[in-house]
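Structure first, commentary second.
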Amino acid sequence: MSKLFPKSANRLPLQILLYLFVLGGIAMAGINYYATNKWANVGYAPVQPVPYSHKLHAGQLGIDCRYCHSNVEKSGFANLPTAQTCMNCHSQVKADSPLLAVVRQSYETGAAVPWVQIHMTPDYVYFNHSVHVTRGISCVDCHGRIDQMEIVAQDKSLTMGFCLECHRAPEEHLRDLRDPAQTVTRLDWIHPGGEKGQADQGVKLIQANKIAPPTSCSGCHR
Amino acid sequence: MRHVYFATFLIVVLAVSALGFRGDRFKHPPLELFPDMDHQAHLKPQAESAFFTDGRADRPLPPNVVAASLPLDAEDGLFRGKATDNSWLKTIPVAVDAKLLARGQDRYGIYCAPCHGALGDGNGITKQYGMSTTPSYLDERRLGLTAGEIFNVITNGSTQNKNMLPYADKLSPEDRWAVVAYVRALQRAQRGSPADVPAANRKELGL
């Protein structure tokens, strides 16, 4: 009788088992790396109707974020600018540029400029911009260095874990709004005293301004 | 068995090259494996809505409505910069103190300085990019403006031409008066002399 199974077949069950472990490991690593907003959302940079460069306007010209996003200190929603805001300058600067045709048309007719929203919280999350900005949380903490982005891309994951990291340790981010250098729209500011200096300042601000970011479910899922 | 591992390795390489790495730039809308209730059927600020013919979720005000927060005639001074006899206010109708000036400086830095410059001399950053007509606050005509006229320009835009558009949507009436106060401070500062500086502060300026 010929050999149906060679001798090496004796090792096969063990080898298959080992392979399944390796396969499981790869699957776990893949899920860990990919099944998260850190991969799925970070880097989202849609094509916008106007190729507006934040790097030029906010970075090079040094225009304050609030010049355009003017309600961010008063409203829960950080508004996109009206077409008139663009026309404040672009009625004279590059007034005939074909790239700005959409804006000029919007200014004349009142039609909306179809901007594509990038940073989105799920609809079951309550997020209020003004609450954060007026307590000294900088734009850069959630949006990254917008002033260096030619085309805006999502920079932070904006997951619940991301929110809670800061809500549990706000002293690592709080700025002292009495100091003009620390204005929330100065995206390049870091505490000169390093992490220690930032934490010390943050603890003082928490006490002085009674800052108590909610960490309970109903704080944001209301 | 080596072949199986090799094939697995190839599949992993293939998958990674297809899916990319964290932080890679991409243009298509983010992938949502489990949409949960991320997108609910309610209207959001400045968002789209198929329900209205103009496609907007935000509704414009119906004609002739007045928001409860808008001025009554009695408050023309505060909201329109005019006295009861319809002449421009000559003074600022709110208390001018250090707090108001600080607020004015802050708002001026955001909304005015890009064109009018930090000094009010009309040499803001936009002048290098083609905003050639921005005037200085320090010429004879603008030094002679009343507070109410400056307030009116901020509210409704420039009166002589359309080079400056209204800023009423960005600055509340209180903030506009704060900016007027700060513009006055700039005008005063630019025409000052060393004799105006209190003796105690002269060292700070190297005098």
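Convention: sequence-line order gives letters A, B, ...; per-chain numbering from 1. Computed from a predicted structure; not experimentally measured.
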key: B:Gln128 vs A:Leu61 side-chain heavy atoms within contact, under 4.5 Å   = no
note = Most contact-rich option vs chain A, by heavy-atom pairs under 4.5 angstrom, among B:Leu19, B:Asp24, B:Val12, B:Val4, is B:Leu19
remark   = Whatever's closer than 4.5 Å to a heavy atom in chain B on A:Val125 counts as neither
query = Is it the case that B:Thr133 and A:Gln92 place a side-chain donor and acceptor less than 3.5 Å from each other?
reply = yes
Proximity of residues 134-157 of chain A to chain B, residues having a non-hydrogen atom under 4.5 angstrom = A:Ala153
request  = Name the option with the most non-hydrogen atom pairs under 4.5 Å to chain B; the candidates are A:Asp64, A:Asp123, A:Leu12, A:Thr183.
outcome  = A:Asp123
note = Filtered by a 4.5 Å non-hydrogen cutoff, the part of residues 70-81 of chain A contacting chain B is A:Ser70, A:Glu73, A:Lys74, A:Phe77, A:Asn79, A:Leu80
key: Between OG1 on residue A:Thr85 and OH on residue B:Tyr111, distance to nearest 0.5 Å   = 9.0 Å
query = More than 12 heavy atoms of other residues, nucleotides or ligands under 6.0 Å from OH of A:Tyr19: is that the case?
reply = yes
Residues, nucleotides or ligands: over 12 heavy atoms within 6.0 Å of A:Ile190 CD1 = no
message = Does B:Phe9 have more than 12 heavy atoms from other residues, nucleotides or ligands lying within 6.0 Å of its CZ?
response = no
ask   = What residues of residues 27-42 of chain A sit under 4.5 Å from chain B when only non-hydrogen atoms are counted?
value = A:Asn32, A:Tyr33, A:Tyr34, A:Thr36, A:Lys38, A:Trp39, A:Ala40, A:Asn41, A:Val42
query = Taking A:Ser8, A:Cys65, A:Pro122 one by one, which has the highest count of heavy-atom pairs under 4.5 Å against chain B?
reply = A:Pro122
query = Would you call B:Thr8 and A:Val22 a side-chain contact if the rule is heavy atoms closer than 4.5 Å?
reply = no
query = So which part of A:Ala95 gets closer than 4.5 Å to some heavy atom of chain B, the side chain, the backbone, both or neither?
reply = neither
message = For the OH atom of A:Tyr67 and the SG atom of B:Cys112, what is their distance to the nearest 0.5 Å?
response = 8.5 Å
message = Would you say A:Gln84 and B:Tyr167 are linked by a side-chain donor-acceptor pair, where the criterion is simply a distance under 3.5 Å?
response = no
message = What I'd like to find out is whether the side chain of A:Tyr107 reaches to under 4.5 Å of the side chain of B:Leu165, using heavy atoms alone.
response = yes
task = Taking heavy atoms only and a threshold strictly under 4.5 Å, list by residue number the residues of residues 25-46 of chain B that touch chain A; give 'none' if the list is empty.
result = B:Arg25, B:Phe26, B:Lys27, B:His28, B:Pro29, B:Pro30, B:Leu31, B:Asp36, B:Met37, B:Asp38, B:His39, B:Gln40, B:His42, B:Lys44, B:Pro45, B:Gln46
ask   = Has A:Arg178 got more than 12 heavy atoms of other residues, nucleotides or ligands less than 6.0 Å from its CZ?
value = no
ask   = Should the heavy atoms of other residues, nucleotides or ligands under 6.0 Å from CG of B:Asp97 be counted, would the total exceed 12?
value = yes
message = Atom CE of residue position A:Met160 - does it have more than 12 heavy atoms of other residues, nucleotides or ligands inside 6.0 Å?
response = no
query = Heavy-atom distance under 4.5 Å to chain A: side chain of B:Ile125, backbone, both or neither?
reply = side chain
request  = Counting only heavy atoms closer than 4.5 Å, note whether B:Asp58 contacts chain A via side chain, backbone, both or neither.
outcome  = neither
task = Heavy atoms only: give me the nearest B:Thr126-A:Cys89 pair and the separation to one decimal.
result = CG2-SG, 4.0 Å
inquiry  = Would you compute the distance between atom CG of A:Asn88 and atom CE of B:Met131 and round it to the nearest 0.5 angstrom?
reply    = 7.5 Å
